[in-house]
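Everything numeric in this text was worked out from a predicted model, so none of it was measured.
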Amino acid sequence: MLIATWNVNSVRAREERLLRWLENHQPDALCLQELKAPEEAFPFDAVREVGYEAAVLGQKTYNGVAILAKTKPEDVELGFGDDIDDPQARCIAATVSGIRLVCVYVPNGSTVDSDKYTYKRLWLDRLVTYIEERELTADPFALLGDYNIIPEARDANRPDEWEGSVLFNPEMRDRFGELLGLGLTDAFRQCRDEDGLYSWWDYRQLGFPKNNGLRIDHILVSADLVERCTDARIDRDERKGQKPSDHAPVLVEIDWP
DNA sequence: ATGGTTGTTCAACAA
(Lines give C-alpha, C1' and ligand atoms only; values in the text may rest on other atoms or scores of the structure.)
Protein backbone atom coordinates (compact mmCIF):
# COMPACT_ATOMS: atom_id res chain seq x y z
CA MET A 1 0.00 0.00 0.00
CA LEU A 2 1.37 3.37 -1.07
CA ILE A 3 0.33 6.42 0.96
CA ALA A 4 1.41 9.98 0.25
CA THR A 5 1.06 13.60 1.34
CA TRP A 6 1.39 16.74 -0.78
CA ASN A 7 0.85 20.42 -0.07
CA VAL A 8 -0.42 21.40 -3.54
CA ASN A 9 -0.62 25.16 -2.88
CA SER A 10 -3.96 25.63 -4.71
CA VAL A 11 -5.80 22.63 -6.15
CA ARG A 12 -7.08 24.75 -9.06
CA ALA A 13 -3.66 26.08 -10.07
CA ARG A 14 -2.29 22.53 -9.71
CA GLU A 15 -5.15 20.48 -11.18
CA GLU A 16 -3.29 19.24 -14.26
CA ARG A 17 -0.17 18.41 -12.25
CA LEU A 18 -2.29 16.62 -9.64
CA LEU A 19 -4.02 14.45 -12.23
CA ARG A 20 -0.75 13.54 -13.98
CA TRP A 21 0.86 12.78 -10.62
CA LEU A 22 -1.96 10.40 -9.63
CA GLU A 23 -1.72 8.63 -12.99
CA ASN A 24 2.05 8.30 -12.77
CA HIS A 25 2.43 7.23 -9.13
CA GLN A 26 -0.84 5.38 -8.46
CA PRO A 27 -0.89 5.89 -4.68
CA ASP A 28 -3.59 4.02 -2.75
CA ALA A 29 -4.19 7.20 -0.77
CA LEU A 30 -3.05 10.82 -1.12
CA CYS A 31 -3.49 13.55 1.48
CA LEU A 32 -3.63 17.11 0.12
CA GLN A 33 -3.15 20.42 1.93
CA GLU A 34 -3.64 24.05 0.95
CA LEU A 35 -6.45 23.47 -1.53
CA LYS A 36 -7.17 27.22 -1.31
CA ALA A 37 -10.68 26.51 -2.56
CA PRO A 38 -14.14 25.73 -1.20
CA GLU A 39 -15.45 22.18 -1.57
CA GLU A 40 -17.65 23.15 -4.54
CA ALA A 41 -14.54 24.17 -6.51
CA PHE A 42 -12.78 20.84 -5.94
CA PRO A 43 -12.32 18.86 -9.21
CA PHE A 44 -14.23 15.76 -8.08
CA ASP A 45 -15.08 14.62 -11.61
CA ALA A 46 -11.56 14.99 -13.01
CA VAL A 47 -10.11 13.10 -10.04
CA ARG A 48 -12.73 10.35 -10.46
CA GLU A 49 -11.77 10.00 -14.13
CA VAL A 50 -8.23 9.03 -13.13
CA GLY A 51 -9.54 6.52 -10.60
CA TYR A 52 -9.84 8.34 -7.26
CA GLU A 53 -12.60 9.23 -4.80
CA ALA A 54 -12.11 12.29 -2.61
CA ALA A 55 -13.16 13.42 0.86
CA VAL A 56 -12.78 17.20 1.04
CA LEU A 57 -12.82 19.91 3.70
CA GLY A 58 -12.58 23.09 1.67
CA GLN A 59 -12.18 26.78 2.49
CA LYS A 60 -12.24 29.87 0.32
CA THR A 61 -8.80 31.45 -0.29
CA TYR A 62 -6.86 29.74 2.50
CA ASN A 63 -6.16 26.25 3.88
CA GLY A 64 -8.36 23.34 2.75
CA VAL A 65 -7.50 19.62 3.05
CA ALA A 66 -8.53 16.42 1.28
CA ILE A 67 -8.00 12.67 1.27
CA LEU A 68 -8.01 10.93 -2.13
CA ALA A 69 -8.09 7.15 -2.46
CA LYS A 70 -8.68 4.43 -5.01
CA THR A 71 -11.46 3.14 -2.76
CA LYS A 72 -14.01 5.54 -1.34
CA PRO A 73 -12.69 7.05 1.94
CA GLU A 74 -14.79 5.68 4.81
CA ASP A 75 -15.94 7.21 8.10
CA VAL A 76 -14.88 10.73 7.11
CA GLU A 77 -14.47 13.20 9.96
CA LEU A 78 -14.09 16.93 9.27
CA GLY A 79 -12.09 19.07 11.69
CA PHE A 80 -11.29 18.28 15.31
CA GLY A 81 -14.90 18.07 16.46
CA ASP A 82 -13.99 19.81 19.72
CA ASP A 83 -15.81 22.70 21.39
CA ILE A 84 -13.66 25.37 19.74
CA ASP A 85 -15.28 27.29 16.90
CA ASP A 86 -12.57 27.29 14.22
CA PRO A 87 -13.29 28.31 10.61
CA GLN A 88 -9.85 27.18 9.36
CA ALA A 89 -10.01 23.95 7.31
CA ARG A 90 -6.89 22.12 8.48
CA CYS A 91 -7.84 18.55 9.45
CA ILE A 92 -9.70 15.72 7.74
CA ALA A 93 -9.74 12.02 8.64
CA ALA A 94 -10.88 8.91 6.81
CA THR A 95 -10.32 5.17 6.81
CA VAL A 96 -8.76 3.57 3.73
CA SER A 97 -8.03 -0.19 3.58
CA GLY A 98 -8.44 -0.43 7.35
CA ILE A 99 -5.92 2.30 8.10
CA ARG A 100 -7.10 5.47 9.81
CA LEU A 101 -5.60 8.39 7.89
CA VAL A 102 -5.51 11.86 9.41
CA CYS A 103 -4.52 14.64 7.02
CA VAL A 104 -3.31 17.87 8.66
CA TYR A 105 -2.23 21.31 7.59
CA VAL A 106 -0.55 22.60 10.74
CA PRO A 107 -0.59 26.41 11.04
CA ASN A 108 2.65 28.07 9.92
CA GLY A 109 2.69 30.48 12.84
CA SER A 110 4.08 33.53 10.98
CA THR A 111 6.43 34.86 13.71
CA VAL A 112 7.01 33.67 17.27
CA ASP A 113 5.60 36.90 18.73
CA SER A 114 2.39 36.79 16.64
CA ASP A 115 -1.19 35.74 17.37
CA LYS A 116 -0.74 33.20 14.58
CA TYR A 117 1.98 31.44 16.58
CA THR A 118 -0.33 31.36 19.62
CA TYR A 119 -2.92 29.73 17.36
CA LYS A 120 -0.32 27.22 16.12
CA ARG A 121 0.46 26.14 19.70
CA LEU A 122 -3.23 25.82 20.59
CA TRP A 123 -3.89 23.93 17.34
CA LEU A 124 -1.13 21.41 18.14
CA ASP A 125 -2.59 20.98 21.65
CA ARG A 126 -5.94 20.19 20.05
CA LEU A 127 -4.29 17.72 17.62
CA VAL A 128 -2.71 15.79 20.51
CA THR A 129 -6.05 15.71 22.35
CA TYR A 130 -7.79 14.57 19.14
CA ILE A 131 -5.37 11.62 18.76
CA GLU A 132 -5.53 10.69 22.44
CA GLU A 133 -9.31 10.83 22.80
CA ARG A 134 -9.81 8.57 19.79
CA GLU A 135 -6.96 6.29 20.88
CA LEU A 136 -5.76 6.36 17.29
CA THR A 137 -2.27 5.01 18.02
CA ALA A 138 -3.75 1.72 19.29
CA ASP A 139 -4.78 0.72 15.76
CA PRO A 140 -3.34 1.05 12.23
CA PHE A 141 -3.01 4.82 11.91
CA ALA A 142 -1.03 7.36 9.89
CA LEU A 143 -0.79 11.13 10.47
CA LEU A 144 0.17 12.79 7.19
CA GLY A 145 0.57 16.39 6.22
CA ASP A 146 2.37 19.70 6.27
CA TYR A 147 3.50 19.92 9.91
CA ASN A 148 5.30 23.26 9.50
CA ILE A 149 7.92 21.83 11.88
CA ILE A 150 11.57 21.05 11.10
CA PRO A 151 12.21 18.05 13.39
CA GLU A 152 16.03 18.18 13.43
CA ALA A 153 18.93 20.28 12.14
CA ARG A 154 19.62 17.73 9.40
CA ASP A 155 16.11 18.45 8.05
CA ALA A 156 17.20 21.92 6.90
CA ASN A 157 19.88 22.84 4.40
CA ARG A 158 20.82 25.88 6.50
CA PRO A 159 19.54 25.09 10.03
CA ASP A 160 21.32 28.08 11.55
CA GLU A 161 19.18 30.43 9.46
CA TRP A 162 15.98 28.81 10.81
CA GLU A 163 16.88 28.33 14.48
CA GLY A 164 14.46 30.33 16.61
CA SER A 165 11.87 30.62 13.84
CA VAL A 166 8.28 29.33 14.04
CA LEU A 167 9.36 26.20 12.13
CA PHE A 168 12.46 25.38 14.16
CA ASN A 169 12.76 26.18 17.86
CA PRO A 170 12.96 24.12 21.09
CA GLU A 171 9.22 24.32 21.68
CA MET A 172 8.32 23.08 18.19
CA ARG A 173 10.90 20.29 18.42
CA ASP A 174 9.27 19.30 21.73
CA ARG A 175 5.85 19.28 20.07
CA PHE A 176 7.11 16.95 17.36
CA GLY A 177 8.61 14.76 20.10
CA GLU A 178 5.27 14.79 21.89
CA LEU A 179 3.62 13.28 18.80
CA LEU A 180 6.30 10.57 18.70
CA GLY A 181 5.65 10.01 22.43
CA LEU A 182 2.05 9.12 21.66
CA GLY A 183 3.38 6.00 19.93
CA LEU A 184 4.11 7.30 16.44
CA THR A 185 7.23 6.94 14.31
CA ASP A 186 8.54 9.11 11.46
CA ALA A 187 8.07 6.59 8.65
CA PHE A 188 10.26 8.56 6.25
CA ARG A 189 13.23 8.54 8.63
CA GLN A 190 12.58 4.87 9.38
CA CYS A 191 13.54 4.17 5.76
CA ARG A 192 15.83 7.09 4.80
CA ASP A 193 18.63 8.21 7.08
CA GLU A 194 20.63 10.44 4.76
CA ASP A 195 20.96 14.24 4.85
CA GLY A 196 19.87 16.65 2.16
CA LEU A 197 16.33 15.32 1.70
CA TYR A 198 13.72 18.06 1.75
CA SER A 199 10.03 18.48 0.93
CA TRP A 200 9.87 22.28 0.56
CA TRP A 201 12.00 24.91 -1.18
CA ASP A 202 11.38 28.66 -1.24
CA TYR A 203 10.16 29.95 -4.60
CA ARG A 204 12.61 32.83 -4.16
CA GLN A 205 16.40 33.04 -4.15
CA LEU A 206 16.81 29.96 -6.36
CA GLY A 207 15.84 27.80 -3.40
CA PHE A 208 15.25 24.62 -5.39
CA PRO A 209 18.28 24.80 -7.75
CA LYS A 210 20.49 25.33 -4.70
CA ASN A 211 18.59 22.62 -2.74
CA ASN A 212 18.12 25.17 0.01
CA GLY A 213 15.15 23.28 1.43
CA LEU A 214 13.35 22.02 4.51
CA ARG A 215 11.74 18.72 5.48
CA ILE A 216 8.43 19.89 6.97
CA ASP A 217 5.98 17.42 5.37
CA HIS A 218 5.80 14.21 7.35
CA ILE A 219 4.18 10.80 7.59
CA LEU A 220 4.01 9.48 11.14
CA VAL A 221 2.69 5.95 11.65
CA SER A 222 1.51 3.78 14.54
CA ALA A 223 3.52 0.82 15.86
CA ASP A 224 1.75 -1.86 13.84
CA LEU A 225 2.53 -0.01 10.59
CA VAL A 226 6.12 1.10 11.21
CA GLU A 227 7.46 -2.44 11.11
CA ARG A 228 5.73 -2.88 7.76
CA CYS A 229 7.19 0.26 6.12
CA THR A 230 9.26 -1.00 3.21
CA ASP A 231 10.22 2.21 1.41
CA ALA A 232 9.93 6.00 1.57
CA ARG A 233 10.82 8.81 -0.79
CA ILE A 234 10.24 12.43 -1.69
CA ASP A 235 9.28 13.08 -5.30
CA ARG A 236 11.52 16.09 -5.87
CA ASP A 237 10.98 15.73 -9.64
CA GLU A 238 7.48 17.13 -9.04
CA ARG A 239 9.12 20.42 -7.96
CA LYS A 240 10.60 20.79 -11.48
CA GLY A 241 9.01 22.19 -14.65
CA GLN A 242 6.28 24.76 -15.13
CA LYS A 243 4.33 26.05 -12.13
CA PRO A 244 5.18 23.48 -9.45
CA SER A 245 3.97 23.71 -5.86
CA ASP A 246 6.67 24.88 -3.46
CA HIS A 247 6.22 21.49 -1.74
CA ALA A 248 7.04 18.05 -3.16
CA PRO A 249 5.01 14.90 -2.42
CA VAL A 250 6.25 12.55 0.33
CA LEU A 251 5.48 8.84 -0.12
CA VAL A 252 5.66 5.75 2.10
CA GLU A 253 5.21 2.15 1.00
CA ILE A 254 3.63 -0.17 3.56
CA ASP A 255 3.34 -3.94 3.39
CA TRP A 256 -0.42 -3.92 4.04
CA PRO A 257 -2.63 -5.78 4.56
C1' DA B 1 19.78 44.25 1.10
C1' DT B 2 13.49 43.69 6.21
C1' DG B 3 15.36 41.93 -0.24
C1' DG B 4 12.80 37.73 -3.48
C1' DT B 5 8.12 34.45 -5.62
C1' DT B 6 3.56 32.39 -5.95
C1' DG B 7 -1.57 32.15 -5.22
C1' DT B 8 -5.93 34.27 -4.20
C1' DT B 9 -8.48 38.31 -4.53
C1' DC B 10 -8.23 42.78 -6.12
C1' DA B 11 -4.10 46.02 -2.31
C1' DA B 12 -3.20 43.00 0.78
C1' DC B 13 -2.37 38.85 2.99
C1' DA B 14 -0.29 34.32 3.65
C1' DA B 15 3.41 31.28 2.93
Side-chain angles (χ1 to χ4, degrees), chain A residues 5-21 30-43 46-47 56-66 79 86-92 103-124 127 144-151 155-169 171-172 175-176 198-218 234-250:
Chain A
T5 181
W6 186 18
N7 180 324
V8 286
N9 186 20
S10 170
V11 72
R12 284 175 288 184
R14 226 65 65 200
E15 180 174 339
E16 279 310 310
R17 292 190 76 123
L18 170 63
L19 297 173
R20 297 295 86 76
W21 195 85
L30 171 64
C31 294
L32 297 176
Q33 303 86 37
E34 283 210 86
L35 303 178
K36 293 187 172 181
E39 182 182 2
E40 56 267 30
F42 188 89
V47 161
V56 176
L57 178 61
Q59 183 185 328
K60 179 181 162 72
T61 311
Y62 300 119
N63 310 312
V65 286
D86 186 351
Q88 299 195 34
R90 296 181 175 274
C91 181
I92 187 170
C103 169
V104 293
Y105 176 42
V106 178
N108 171 288
S110 187
T111 58
V112 291
D113 61 352
S114 67
D115 291 344
K116 291 188 176 66
Y117 187 66
T118 304
Y119 173 72
K120 181 180 192 176
R121 293 163 149 169
L122 175 63
W123 198 93
L124 287 165
L127 174 61
L144 311 90
D146 178 354
Y147 284 57
N148 272 311
I149 296 175
I150 304 165
D155 297 312
N157 186 64
R158 301 178 188 181
D160 47 311
E161 293 184 5
W162 294 93
E163 179 60 51
S165 74
V166 293
L167 304 181
F168 191 51
N169 63 56
E171 180 184 24
M172 284 299 128
R175 292 306 185 93
F176 193 82
Y198 311 122
S199 65
W200 175 90
W201 302 262
D202 202 310
Y203 281 128
R204 302 162 289 186
Q205 308 283 114
L206 299 173
F208 184 70
K210 293 193 285 197
N211 199 29
N212 183 14
L214 305 175
R215 195 175 71 92
I216 54 176
D217 301 274
H218 306 298
I234 297 174
D235 179 25
R236 67 193 308 288
D237 288 345
E238 175 54 39
R239 186 59 167 74
K240 301 171 181 172
Q242 292 289 317
K243 289 175 74 76
S245 170
D246 45 356
H247 296 250
V250 180

For this session: Could you tell me whether the side chains of Trp200(A) and Asp146(A) share a donor-acceptor contact shorter than 3.5 Å?
Result: no

Seminar exercise, completed: Taken to the nearest whole Å, CD/Glu161(A) to P/dG4(B) is 17 Å

For this session: For dA1(B) and dA11(B), measure between their C1' atoms and round to the nearest Å.
Result: 24 Å

Exercise. Which part of the nucleic acid, if any, lies within contact of Phe208(A), taking any heavy atom under 4.0 Å across all strands shown: a base, the sugar-phosphate backbone alone, or nothing?
Worked result: nothing

Seminar exercise, completed: Per nearest nucleotide of DNA chain B, the residue lying toward the 5' end, Tyr203(A) or Ser110(A), is Tyr203(A)

Exercise. Under 4.0 Å between a side-chain N or O of Lys116(A) and OP1 or OP2 of dA15(B)?
Worked result: no

Exercise. Which nucleotide sits closest to the side chain of Arg204(A): dT5(B), dT9(B), dT8(B)?
Worked result: dT5(B)

Exercise. Across all strands shown, which nucleotide pairs with dA11(B) by Watson-Crick or G-U wobble geometry, both distances under 3.5 Å?
Worked result: none

Exercise. Quick one: Tyr62(A) OH to dC10(B) C1', roughly how many Å, whole number?
Worked result: 12 Å

Problem set entry | Close side-chain approach of Ile150(A) to Ile216(A), heavy-atom, < 4.5 Å | yes

Problem set entry | Residue Asn108(A), side-chain atoms from C-beta onward, closest of dA15(B), dT8(B), dG4(B) | dA15(B)

Exercise. Any side-chain N or O of Arg14(A) less than 4.0 Å from the OP1 or OP2 oxygen of dG7(B)?
Worked result: yes

For this session: Ignoring hydrogens and angles, state whether a donor on the side chain of Lys120(A) or Asn108(A) is under 3.5 Å from an acceptor on the partner side chain.
Result: no

Problem set entry | Integer-rounded Å distance: dA14(B) P and Asp146(A) CG | 16 Å

Exercise. Between dA15(B), dT8(B), dC13(B), which one does the side chain of Ala13(A) approach most closely?
Worked result: dT8(B)

Problem set entry | Value in whole Å for how far the C1' atom of dT6(B) lies from CZ of Arg239(A) | 10 Å

For this session: Specify the separation, in whole Å, of atom CD of Gln59(A) and atom C1' of dG7(B).
Result: 14 Å

Exercise. Could you give the NZ-to-C1' distance, from Lys36(A) to dA12(B), as a whole number of Å?
Worked result: 13 Å

Seminar exercise, completed: As its Watson-Crick or G-U partner within any shown strand, both distances under 3.5 Å, dG4(B) has none

Problem set entry | Parallel, tilted or perpendicular, as decided by the 30° and 60° cut-offs, for the rings of Tyr147(A) and His218(A) | perpendicular

For this session: By nearest nucleotide on DNA chain B, pick out whichever of Asp202(A) and Asn148(A) is the more 5' one.
Result: Asp202(A)

For this session: Please measure how far the P atom in dG4(B) lies from the corresponding atom in dT9(B), and state the result in whole Å.
Result: 25 Å

Exercise. Lys243(A) side chain N/O closer than 4.0 Å to the phosphate oxygens (OP1, OP2) of dT6(B)?
Worked result: no

Exercise. Asn9(A) has a side chain; which of dA15(B), dG7(B), dT9(B) sits nearest to it?
Worked result: dG7(B)

For this session: Would you tell me whether Tyr105(A) and Gln59(A) have side-chain atoms, one donor and one acceptor, within less than 3.5 Å of each other?
Result: no

For this session: Provide, to the nearest angstrom, the distance between the CG atom belonging to Leu206(A) and the P atom belonging to dT6(B).
Result: 11 Å

Exercise. For Asn7(A) and dA14(B), what is the distance between atoms CG and P respectively, to the nearest whole Å?
Worked result: 16 Å

Problem set entry | Pair Trp201(A), Asn211(A): side-chain N/O donor-acceptor within cut-off below 3.5 Å | yes

